[in-house]
Structures are given as structure tokens and as C-alpha cells.
Amino acid sequence: QSVLTQPPSVSGAPGQRVTISCAGGSSNIGAGHHVHWYQQLPGTAPKLLIFDNINRPSGVPDRFSGSKSDTSASLAITGLQAEDEGDYYCQSYDTSLGGSRVFGGGTKLTVV
Amino acid sequence: HLQLQESGPGLVKPSETLSLTCTVSGVSITSSSYYWGWIRQPPGKGLEWIGSIYYSGSTYYNPSLKSRVTISGDTSKNQFSLELASVAAADTAVYYCARLFCDGANCYSYYYYYMDVWGNGTTVTVSS
């Protein structure tokens with residue numbers, strides 16, 4: 001059971017827009033801790049996609065965007081492409097039980 | 001060019017200690033701008049935070065693993081290491097090392113650092 005809750009899977013057709021939610025609580029996202037998103041393509045290591053809720057690292061297309069509100073965050077992907085297929089993880093910091101970085105359970109994106 | 005490379009035994013026996021090393025190239029682990037961390041991923045499952053170390057030697061561990069984890073640094077080799085004691089089958093996973101970075105006004109706090117560069121990962125199986 002992850003501290004941050006993500007849908008197990010989402011899907012969309014090429015060119016479409018999909019969103020992935022990340023629900024937290026008062027000890028993590030709701031406490032003001034930033035949300036970061038990682039993309040893990042099949043057979044590869046995770047890669048930073050969004051940092052500090054809304055920012056894209058250099059080289060990440062502007063098709064990817066992040067948002068945060070109250071105790072949740074979302075990742076939006078527009079103009080879906082076949083190469084976007086993979087797993088997406090949100091991550092924040094949780095101050096309960098001694099404090100630690102926490103991940104969502106991950107969402108598998110399928111481009112149909 | 002910044003690179004992180006994990007290394008260590010791929011097979012560990014139950015109740016023994018898992019030991020992994022992350023070799024960093026392209027930046028010094030003594031830089032005050034970064035933390036250095038370990039994350040793992042059991043087969044077919046999600047990511048789990050293990051812990052991190054700062055250039056000063058300060059360490060921060062996942063409370064659920066804290067009693068079994070030790071992270072240390074070797075500045076002469078520009079490496080940092082993970083030891084996980086008393087392993088069991090549930091510790092079978094791909095283990096990643098990563099650099100933690102912070103960009104902005106909040107960088108006074110460890111909370112705000114995120115994993116901006118990852119190693120390729122190394123698979124560790126716990127089995128007799």
C-alpha cells in the first residue's frame with residue numbers, strides 16, 4: 001500500500017491527451033512538499049520528467065506538464081506518442097513515521 | 001558527463017548482508033550541491049526509497065528499513081555504498097543509485113531534493 005495513490009493503468013490513442021493522478025495526504029503533498037514525476041520506459045531506469053510540481057528538466061518535451069492542488073497532483077501528456085508507453089511514478093516527501101521520500105505505486109501508460 | 005554505475009553480487013543468501021557500490025563519474029560526491037541515494041524495485045513492482053548520504057556523512061534512511069540499512073561514502077574512490085543486513089526473499093529487487101539535486105529557493109532543506117540522475121540499476125536476488 002503506497003502512501004501516494006496512482007491509478008494502476010491509463011491508456012490513450014496516439015495524439016490524444018491523458019492525465020495521471022497522484023493522491024496524497026496532509027503529511028506529504030498537503031503539507032506543501034513538492035511532487036516529482038519519473039518516467040520508466042520498458043527495461044530502463046527511471047528518468048526525471050517533472051520536478052517541483054510543474055517544472056520540466058532540459059530535454060523533456062513540453063507535451064509533459066505537471067500540476068498540484070491541495071493534497072494531490074497530476075501529470076498530463078498531450079499529443080500521445082507510441083514511445084511514451086511505460087510506467088510513471090509520482091514522488092514526494094512524507095513527514096509521518098520519521099520522515100522519508102515516498103513514491104506512488106506507479107501507473108502503466110498504454111498507447112493503443 | 002555525469003554517470004552513476006551500480007556494482008555488487010547478483011546473488012545473496014538469506015540472512016546475509018547485501019553490499020552494493022555506486023561509482024560516480026563526472027562530479028565529486030564531496031560537492032555540497034548534492035545528496036546521493038539508493039532506490040529499489042522488486043520484480044514487477046514499484047519503486048521504494050532506501051536512503052541517502054550527504055557529503056558531510058549525514059545519512060537519511062527509510063524508517064521501514066532503517067534497522068537494516070547502512071549507507072557510506074568513499075571520497076577517495078568517488079563512490080558510495082549500500083549495506084542491507086539480514087536479507088530475505090522480499091529484498092530481491094533491482095537496486096538503483098541516484099543523485100539528488102535541488103533547483104531553487106527551497107534548497108536549504110533536504111525535503112526538496114529530487115533524483116535527477118539515475119544509474120542503470122543492478123539486479124540482486126536473495127536465494128539459497
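Computed from heavy atoms alone, side chains included, the values below leave out hydrogens, waters and symmetry copies. We name chains A, B, ... by the order of the sequence lines, and we start the count at 1 in each one.
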### Query
Hey, which of B:M115, B:K45, B:E48 has the most heavy atom pairs under 4.5 Å with chain A?
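The answer is B:M115.
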
Quick one: what part of [X] sits under 4.5 Å from any heavy atom of chain A, side chain, backbone, both or neither?
X: B:Y61; answer: backbone
X: B:Y114; answer: both
X: B:I50; answer: neither

#### Entry: Distance-minimising heavy-atom pair for A:S100 and B:P63
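Smallest heavy-atom distance, with atoms named: CB-CD, 3.5 Å.
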
### Heavy-atom closest contact (B:D103 atom, A:D52 atom, distance)
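Here B:D103 and A:D52 meet closest at O-OD2, 3.5 Å.
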
Is [X] linked to [Y] within one hydrophobic cluster, defined over Ile, Leu, Val, Met, Phe, Trp and Tyr using a side-chain heavy-atom separation of less than 4.5 Å?
X: B:V12; Y: B:L20; value: yes
X: B:W38; Y: B:L18; value: yes
X: B:L47; Y: A:I20; value: no
X: B:Y111; Y: A:V102; value: no
X: B:L82; Y: B:Y35; value: yes

How many angstroms lie between atom [atom1] of [X] and atom [atom2] of [Y], to the nearest 0.5 angstrom?
X: B:C102; Y: A:H34; atom1: SG; atom2: NE2; answer: 8.0 Å
X: B:Y112; Y: A:H36; atom1: OH; atom2: NE2; answer: 9.5 Å
X: B:I39; Y: A:F103; atom1: CD1; atom2: CZ; answer: 5.5 Å

### Message
Cation-pi check for B:Y110 against A:R101: NZ or CZ below 6.0 Å from the six-membered ring centre and within 45 degrees of the axis, yes or no?
### Response
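Positive - A:R101 is close enough to the ring of B:Y110 and near enough to its axis.
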
### Message
Quick check on the interface: out of A:G99, A:S2, A:P57, A:G104, who has the most heavy-atom pairs with chain B under 4.5 Å?
### Response
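Ranked by contacts with chain B, first place is A:G99.
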
### Query
Hey, mind stepping through A:F51 and B:F101 against side-chain contact (heavy atoms from CB on, under 4.5 Å) and telling me if it holds?
CA-CA 10 Å; A:F51 67 93; B:F101 179 64; over 6 Å; no

#### Entry: Heavy-atom contact with chain B under 4.5 Å, split by part of A:S92
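The answer is neither part of A:S92.
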
### Query
When you look at NZ of A:K108, are more than 12 heavy atoms from neighbouring residues, nucleotides or ligands closer to it than 6.0 Å?
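Enclosed.
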
### Task
Using the six-membered ring wherever Trp is involved, compare the ring planes of A:Y38 and B:W118 and label them parallel, tilted or perpendicular (cut-offs 30° and 60°).
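Perpendicular: the ring planes of A:Y38 and B:W118 meet at over 60°.
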
